[in-house]
Amino acid sequence: MTDFLNDLNEVQRNAVIATTGPVMVLAGAGSGKTRVITYRIAYLIRNEGVSPQNILALTFTNKAAGEMRHRVDTLLHQGSSRGLWIGTFHSIFARILRNSIDLIGYDKNFSIFDSEDSKSLIRQSMAELNISVESVPVNTVQGLISRAKNSFILPSEFHRNASDYNQQKASQIYELYARKLKENNALDFDDLLIKPLELFNAHPEVLQELQETFRYIMIDEYQDTNRAQYLVAKMLGAKHRNIFVVGDDAQSIYSWRGADISNILNFQDDYHDALTFKLVENYRSTGNILKAANNVISCNLRQIKKELISHRNEGEPLTLIEAYNERNEAERVGEQIRNLRLKQGFEFRSFAVFYRTNAQSRVLEDVMRQHKIPYKIFGSVSFYKRKEIKDAVAYLRFILNDRDGESLLRIINFPPRKIGDVSIAKLREFAEDRQISLYEAILHSGEGGFQPRLVNALSSFSAVIETLRKVAVDGTVYEVLTELFTLTSIPLLLQTENTPESLVRYENLQELLSMARDFSDHNPDTGSLGDFLENISLASDYDETQESDNYVSLMTVHAAKGLEFPVVFITGLEERLFPLHCYEPEELEEERRLFYVAMTRAQEKIFLSWAQSRYQYGQQHHCLRSMFIGEIDASIVQTESGNFLSDRQAKEKVASGFSSPSRGYQSKTATSSSAVAGVLPKSSQPAFREGTMVHHAVFGPGVVLDVQGSGAKQKVRITFRNAGEKTLMVQYANLRIQQ
DNA sequence: TAACTGCTCTTTTTT
DNA sequence: AGAGCAGTTA
């Protein structure tokens, strides 16, 4: 019965069998973290006779949850994972809320608003409060509100503590936005995490029941939990105290989303009797890869010290690709992939190309297509975020929850029914007069004194909705969707439009339909429309992987967490791109952890690439090599032609004196203008100091922030009144000093 | 009401 | 460079 424990090393095994009381496992990259959790679940079920219904495992992605479930099934026997509570924080909490949210004044059929819906609602709130989008950007507001929610700060408290203008405005908007969400009977992503707390506080009996249920709680990627997640987990585990958390502070990359690294750093303060295990034996990567990763992460100050120990041979050095521009970078990545496949027998699925921002995927995609390399981009425009899908889904959402105003606005005039903004405004007024919802206003539009044409349009709309509702009562999701497509002729319209885009959209709707059919087959019981929608709302493109397909994976580094590939390309290693922004030292440390995550995904080979110039927001920029590259021991990094960096650096040092990598980029405009304008004679180059007022031919007036280097290599960082912050080579910038 | 046009802003990363 | 938006026109 304990045979499967032999697959584990001693520390792993000890962690698995320590089933009682709080346990923390610090698991370095590739040290068998998922293995420990899954074996522990299997051990609980098989050796300790725990019923699956009493085990809760929380993950951050659906993919991780799916994989865990799959592995438990493999470990025991098919179907063993039935009844297990395995899922993302968001989906498990949504499930809890579906059961009892009526206790805190929501309808159980609540809608889940994605960030687009939520942004639109924030925009509405701002309009009502007469706060212009120019004064405070919607994105900023959304970020502030989200952060507040995740820290479990209520509007009133946020308002009290608002220190600057943006926060003050955001706190006002937060209040109205929260009210509007409730009016819509909707929860945003953050609500899914914080509403359980509200529920538990108001109704302790709900909490008690759940505490009884969840005798064993396991949390993956604990370093990425935010305050709300931390609190709920703590409450749920308070009775049995069998809390088992796994994480790696070195892989904490979500602080921008409110993740609080101190949750893991302070675990032992919360649970004094906690057992701690450290997994540092790495089975994934070669010695050189680990060495490089260790080199880099040791530059961070705030960390739990642990050096990963390799279980594999040294392997090959890392390879540096230095490209002219982003296109060249992509081409050389493609070339390497082709060569390695042909000469060393790697399959397409062995390769992953990582980048810091989604925008970088475009060129890579182009080149892959040109070179006929099969590829898949993870998380570009999610299937569910496509307009046609969102429109169709909005109908489904609205059938269940007719207070969902966002959905209503999407579908009321789609397909076009000649109900425009003006009519909607009139309808709104009518609804407000009578204190009824917008949909009720539509149902009673005959009494509103509207033009007959509008009343007709509105009643044809409500007829569609009512018909669909009837179908939904005892029909499957598939049937509802089919009826929707028949009634509205949406697919037909797209087909007759017959443009390449409309045909793609048509295909997408067919895809949705077949997903619905799939779902209906697996969930034959009626009333599963809500479940279907929940899956859709909480799903993302990052989740699906089909083992059978053979393609190169393209994704952001964030999306790569938890995955592994034989060959990894880390692209765009340039200052201000990766690391992206470094206003604060902590932010730089997070970027470094992100780079660490990227490197530790690799099993055999790592390629690091950067481009000397790159298009960013439609402008070409000169780039500087990322400081991260220099943090790796130069004796294990070679160029494509096989020269080691250590040799090259030695030569360079002799030739031109040591130059350390410095920050920033120069604008191409500045460089090229200098060719025309000429360069000041060296002797007459003015001296720049911090605070010097200057004038630039293109950027206009500005102030020097700091000066780097001297002589021909001197650079100045300048904040321009109208052009923002730039770093310029003094030699080329042709700056005039303003007295 | 809907289509068109020029304008702005974008780019962090995800559930 | 490209998407999305507001404002304008048919």
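Since the structure is predicted, the reported quantities are computational estimates derived from the model, not experimental observations. In what follows, chains carry the letters A, B, and so on, assigned in the order in which the sequence lines appear, proteins first and then strands, with residues in each chain numbered from 1. All values below come from the heavy atoms of this structure, side chains included, with hydrogens, waters and symmetry mates left out.
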Under 3.5 Å side-chain donor-acceptor pair for A:Q616 and A:E326: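 Checked: A:Q616/A:E326 side chains show no N/O donor-acceptor pair below 3.5 Å.
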
A:S111 versus A:N401, side-chain donor and acceptor atoms under 3.5 Å: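 Side-chain D/A pair, A:N401 to A:S111: present.
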
Pairs: protein N or O with nucleotides 2-10 of chain B N or O, under 3.5 Å:
residue	atom	partner	partner atom	Å
B:dA2	OP2	A:N413	ND2	3.1

Sidechain-backbone polar pair: A:R257 side chain, A:D224 backbone, donor-acceptor under 3.5 Å: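 No, the answer is negative, given that no donor and acceptor are paired below the 3.5 Å cut-off.
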
Separation of [X] atom [atom1] from [N] atom [atom2], in whole Å?
X	N	atom1	atom2	result
A:F113	B:dT15	CZ	C1'	16 Å
A:H558	B:dT15	NE2	C1'	13 Å
A:R362	C:dG2	CZ	P	6 Å
A:Y596	B:dT13	OH	P	24 Å
A:R327	C:dA1	CZ	P	14 Å

Quiz: residues 419-431 of chain A side-chain donor-acceptor pairs under 3.5 angstrom, not counting sequence neighbours:
none

Sub-6.0 Å ring centroid separation between A:F569 and A:F354: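 Aromatic pair excluded; centres sit 6.0 Å or further apart.
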
A:D366 and A:R362 ion-paired at < 4.0 Å: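 Salt bridge between A:D366 and A:R362, a charged N being under 4.0 Å from a carboxylate O: no.
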
Whole-angstrom distance between B:dT11 and C:dA6, as gauged at atom C1':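 After rounding to an integer number of Å, I get 23 Å for this pair.
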
Candidate nucleotides C:dC5, B:dT13, B:dT15, ranked by approach to the side chain of A:R123 - the nearest: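 The nucleotide sitting nearest to the side chain is C:dC5.
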
